[in-house]
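All of these numbers come straight from a predicted model, not from anything done at the bench. We name chains A, B, ... by the order of the sequence lines, and we start the count at 1 in each one.
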Amino acid sequence: MTNREIALLLRKVAGSYIVKDEKKFHFQIRAYQKAADSIENATIELKDLWDEGKLNSIPGIGASLTAHLDELFKTGRVKHFEDIIKSLPKALFILMGISGIGPKTAYKLATILKLSEKNAVSDLEKAISQHRVRIIEGFGEKSEEELLKSIDDYKKGQTKENRMLLPLAIAIAQEVLIYLRQNKAVIRADPLGSLRRMVTTVGDIDIAVATENPKEVIEHFANYPHAKRVLGKGELASSRIILSSGRQVDLLVQSEKSYGALLQHFTGSKFHNIALRELALKKGLSLSEYGIKKDGKLIEYRTEEDFYRAVGLPWIPPEIREDTGEIEAAANENLPNLVTIKDIKGDQQIHSDFPIEPSHDLGNSSMEEILNMAKSLKYEYVGFSEHNPSVSKHTDKQIIDLLKRRNEKVEKLRLNNKDVRIINLLEVDIIANGDLALKNDALKLLDGVIASVHTGFDQSRSDMTNRIINALKNPYVRFLGHPTGRLLNQREGYEADWDAIFSVCKEFDKALEINAYPDRLDLPDFLVRKAVENNVKLIINTDSHDVSQMTLMSYGVAVARRGWATKHDIVNTMGYNDFIKWIHIRKGVI
DNA sequence: GCCGTTTTCGGCCCGACTGTTTTCAGTCG
């Protein structure tokens, strides 16, 4: 069962409680909803945590839910949940998936219209067209119209399940910002929410505007040419639109003198804000997007720094605002000094077009083009790391010859390039039994080796763990490429015992890659945090197959920051002399 | 149902917008 499915199940339980008696079950409902949010946010599969007996490391999962989830993973069902859900019409849970329909509306429609589970949506549509909804108490003509639009979106699959990768979210936000800034009433405009926190995928785009004329800005926003539908348009503070692409954009506005409070509020995360507000309450302060109320009097804040200071905390970097210990760390003046893009001294996974006849994709760009780009990015050094020559198509001797020819090319480039030093690497397949695709007498021709899994993803957890550990123990291997193998929105990562891998990394001084390519972002932030806590070294690379992709480094840095990494955790923040010493370390077992 | 640097019991964030309801409930973030 995936995290999404588990979250959905918990929302069904929460929805059932709301229908049954919202007041009586108020805090259970909140607990279930919080757990569902938390599980959806988690960057690790719950099933993996369950395997390790660490379910309660997810905030919002306590003793009771741990027991229920234990039952779920063991038997595929939870009796307690089924007891709560079974007395309610099944169509209710279908309708809850439609935007604008909550549990109470869904219950009313499902029972009064006697909707079946199978045809819930189409029967509801039919009832609306026959004007049988507007006569229900609490509904009217307008609610029929809104329902139809929401059903339309639902049928097109434009629900929130479809999360965007960061580059797309940034591109959409930039377009909206350019449009917003055309209006003179806009003093400042910033993308906030999960985009500002650089979460690996983004649901809605959130944008804040500072203005002294909210009505005008909201009107301008709602008239955005790419808006297909206006979901909401308030008089004083907010608006929401759906673009023709189906993506939702939310706007919040605030006067300039309160903009600090809005930046804080709208950046989130929700959990961070709730925890911050609970802390503030203990100090007699009530926080909101307008400012801070003390003794009933509102104080406004222009900047986020001032806002946090008023709560008694230093400013907290957006990437770690997830209520996973950052508020406590801030209170103790113990926040990590997070790595920045300027700390990165060289990208170490780049595929050139050198004709090495590889096992996987060759790059598009020449070594010379890569060096030029490295220079413009102000790198001290850069690593060439094509895939190993295909083993099935070459003899051992042919492979050695190919590597020697590549070495000659690298040596020639080294003579002519003094600005950027070259690290001579290769990305080598870890084959199913844990051996590397190339033999050591080939590997010794290189400065170091990246070991990566590219095949046999469906191995068992223990087989995969042993496979990776075996590869890491090869003395020429310096780091593990895209360690979990995940592809965002396409493929789950493979399962492995990360604690075991961490201890091997420490013992033999190996690093784990944070692959910055936006479809990967692998290691995931959750595992970066665990690696950092275990003093395991990391390396951030773009895995570029074209020079243009070398600019994607900032996405990897964001993942590192979300995992609380400082520059001391990242080996490619070292200067060349230290880095080349590190890459030449040869620890392992033959 | 969760959680703890004043607590293992007694608390639990704060607000906007919409539609229909004449005072507010439901949904959303």
Side-chain angles (χ1 to χ4, degrees), chain A residues 10 13-15 17-19 22-38 56 58-69 80-81 84 95-96 98-109 133-147 150 160 192-194 203-206 208 214 218 222 230-240 248-254 261-262 264-283 285-293 298 311 323 327-329 331-332 334:
Chain A
L10 296 184
V13 177
Y17 274 137
I18 290 174
V19 172
E22 190 172 11
K23 285 215 170 71
K24 179 176 165 193
F25 297 113
H26 182 250
F27 291 107
Q28 277 98 325
I29 293 163
R30 278 198 40 188
Y32 274 86
Q33 285 173 336
K34 179 180 170 167
D37 285 348
S38 190
N56 57 5
I58 298 274
I61 297 187
S64 171
L65 278 175
T66 297
H68 291 324
L69 292 176
H80 177 63
F81 294 173
I84 296 166
L95 297 189
M96 268 174 59
I98 298 173
S99 150
I101 299 186
K104 293 194 174 181
T105 308
Y107 179 73
K108 228 182 202 180
L109 292 170
V133 171
R134 63 176 65 177
I135 54 173
I136 301 173
E137 195 187 350
F139 293 85
E141 226 174 295
K142 282 206 171 171
S143 25
E144 278 189 345
E145 274 174 40
E146 284 303 305
L147 278 174
S150 298
K160 290 179 181 166
L192 303 178
S194 49
D204 302 338
I205 309 272
D206 296 321
I218 289 167
V230 178
L231 281 181
K233 189 175 75 155
E235 288 285 310
L236 49 120
S238 72
S239 175
R240 295 184 296 150
Q248 184 172 325
V249 186
D250 293 355
L251 173 81
L252 280 186
V253 306
Q254 188 66 267
L262 181 61
Q264 197 289 317
H265 166 77
F266 210 18
T267 297
S269 69
K270 191 163 90 178
F271 301 140
H272 174 83
N273 286 358
I274 290 174
L276 193 68
R277 285 167 183 194
E278 283 174 351
L279 173 74
L281 270 183
K282 289 176 188 157
K283 302 181 179 185
L285 306 171
S286 171
L287 313 185
S288 78
E289 61 266 48
Y290 292 94
I292 300 181
K293 263 190 218 159
L298 183 76
V311 190
D323 189 26
I327 291 176
E328 294 79 358
N332 296 327
N334 205 13

Flag for A:His265-A:Arg277: side-chain donor and acceptor within less than 3.5 Å: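 Yes, side-chain donor-acceptor contact under 3.5 Å.
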
Polar contact flag, side-chain donor to acceptor under 3.5 angstrom, A:Asn273-A:Gln264: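 The answer is yes; a qualifying pair exists.
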
Determine the Euclidean distance between corresponding [atom1] atoms of [M] and [N]; express it in Å to zero decimal places.
N      : M      : atom1 : result
B:dC14 : B:dT7  : C1'   : 24 Å
B:dC13 : B:dC28 : C1'   : 15 Å
B:dC17 : B:dC12 : P     : 26 Å
B:dT27 : B:dT20 : P     : 14 Å
B:dG1  : B:dT8  : C1'   : 15 Å
B:dC2  : B:dT6  : P     : 23 Å

Letter per nucleotide, 5' to 3', of nucleotides 9-17 of chain B [B base touched, S only sugar-phosphate touched, - untouched; heavy atoms, 4.0 Å]: ---BBBSSS

5'-most by nearest nucleotide on DNA chain B - A:His68 or A:Gly100: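 The residue closer to the strand's 5' end, by nearest nucleotide, is A:His68.
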
Closest-nucleotide ordering on DNA chain B, the 5'-leading residue of A:Ile136 and A:Gln28: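 Of the two residues, A:Gln28 wins.
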
Counterpart residues, salt bridge (charged side-chain N to carboxylate O under 4.0 Å, His left out), relative to A:Arg134 (two or more places apart):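 Per chain and number, A:Arg134 pairs via salt bridge (charged side-chain N to carboxylate O under 4.0 Å, His left out) with A:Glu144.
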
Partner set under salt bridge (charged side-chain N to carboxylate O under 4.0 Å, His left out) for A:Glu22, not counting sequence neighbours: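 For A:Glu22, the residues satisfying salt bridge (charged side-chain N to carboxylate O under 4.0 Å, His left out) (neighbours in sequence not counted) are A:Lys104.
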
Nearest whole angstrom, please: distance from the [atom2] of [N] to the [atom1] of [X].
X        : N      : atom1 : atom2 : result
A:Lys24  : B:dG1  : NZ    : C1'   : 14 Å
A:Phe271 : B:dC2  : CZ    : C1'   : 12 Å
A:Asp323 : B:dG4  : CG    : C1'   : 13 Å
A:Lys282 : B:dG4  : NZ    : P     : 9 Å
A:Lys104 : B:dC24 : NZ    : C1'   : 12 Å
A:Glu22  : B:dC24 : CD    : P     : 16 Å
A:Asp206 : B:dG29 : CG    : P     : 9 Å
A:Asn334 : B:dT5  : CG    : C1'   : 14 Å

Syn or anti conformation of B:dT7, syn meaning chi within 90° of 0: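 Syn conformation here, the glycosidic angle of B:dT7 being no more than 90° from 0.
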
Residues in side-chain hydrogen bond (donor to acceptor under 3.5 Å, both in side chains) contact with A:Glu146, at least two apart in sequence or another chain: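 Scan of A:Glu146 (side-chain hydrogen bond (donor to acceptor under 3.5 Å, both in side chains), adjacent residues dropped) gives A:Arg229.
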
Counterpart residues, side-chain hydrogen bond (donor to acceptor under 3.5 Å, both in side chains), relative to A:Lys233 (two or more places apart):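 In terms of side-chain hydrogen bond (donor to acceptor under 3.5 Å, both in side chains), with neighbours along the sequence ignored, A:Lys233 is linked to A:Glu219.
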
Atom pair CG/CG of A:Leu279 and A:Leu285 - distance to nearest 0.5 Å: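 A:Leu279 CG to A:Leu285 CG: 9.0 Å, rounded to 0.5 Å.
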
N/O (side chain, A:Gln33) to phosphate O (OP1/OP2, B:dG1) under 4.0 Å: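 It does not, given that no N or O in the side chain of A:Gln33 lies less than 4.0 Å from OP1 or OP2 of B:dG1.
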
Sugar-phosphate, base or nothing in reach of A:His272, heavy atoms under 4.0 Å: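 Nothing, no nucleic acid heavy atom in range.
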
Contacts of type ring-ring contact (aromatic ring centres under 6.0 Å, His included), residue A:Tyr290, not counting sequence neighbours: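 Listed in chain order: nothing, the list is empty.
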
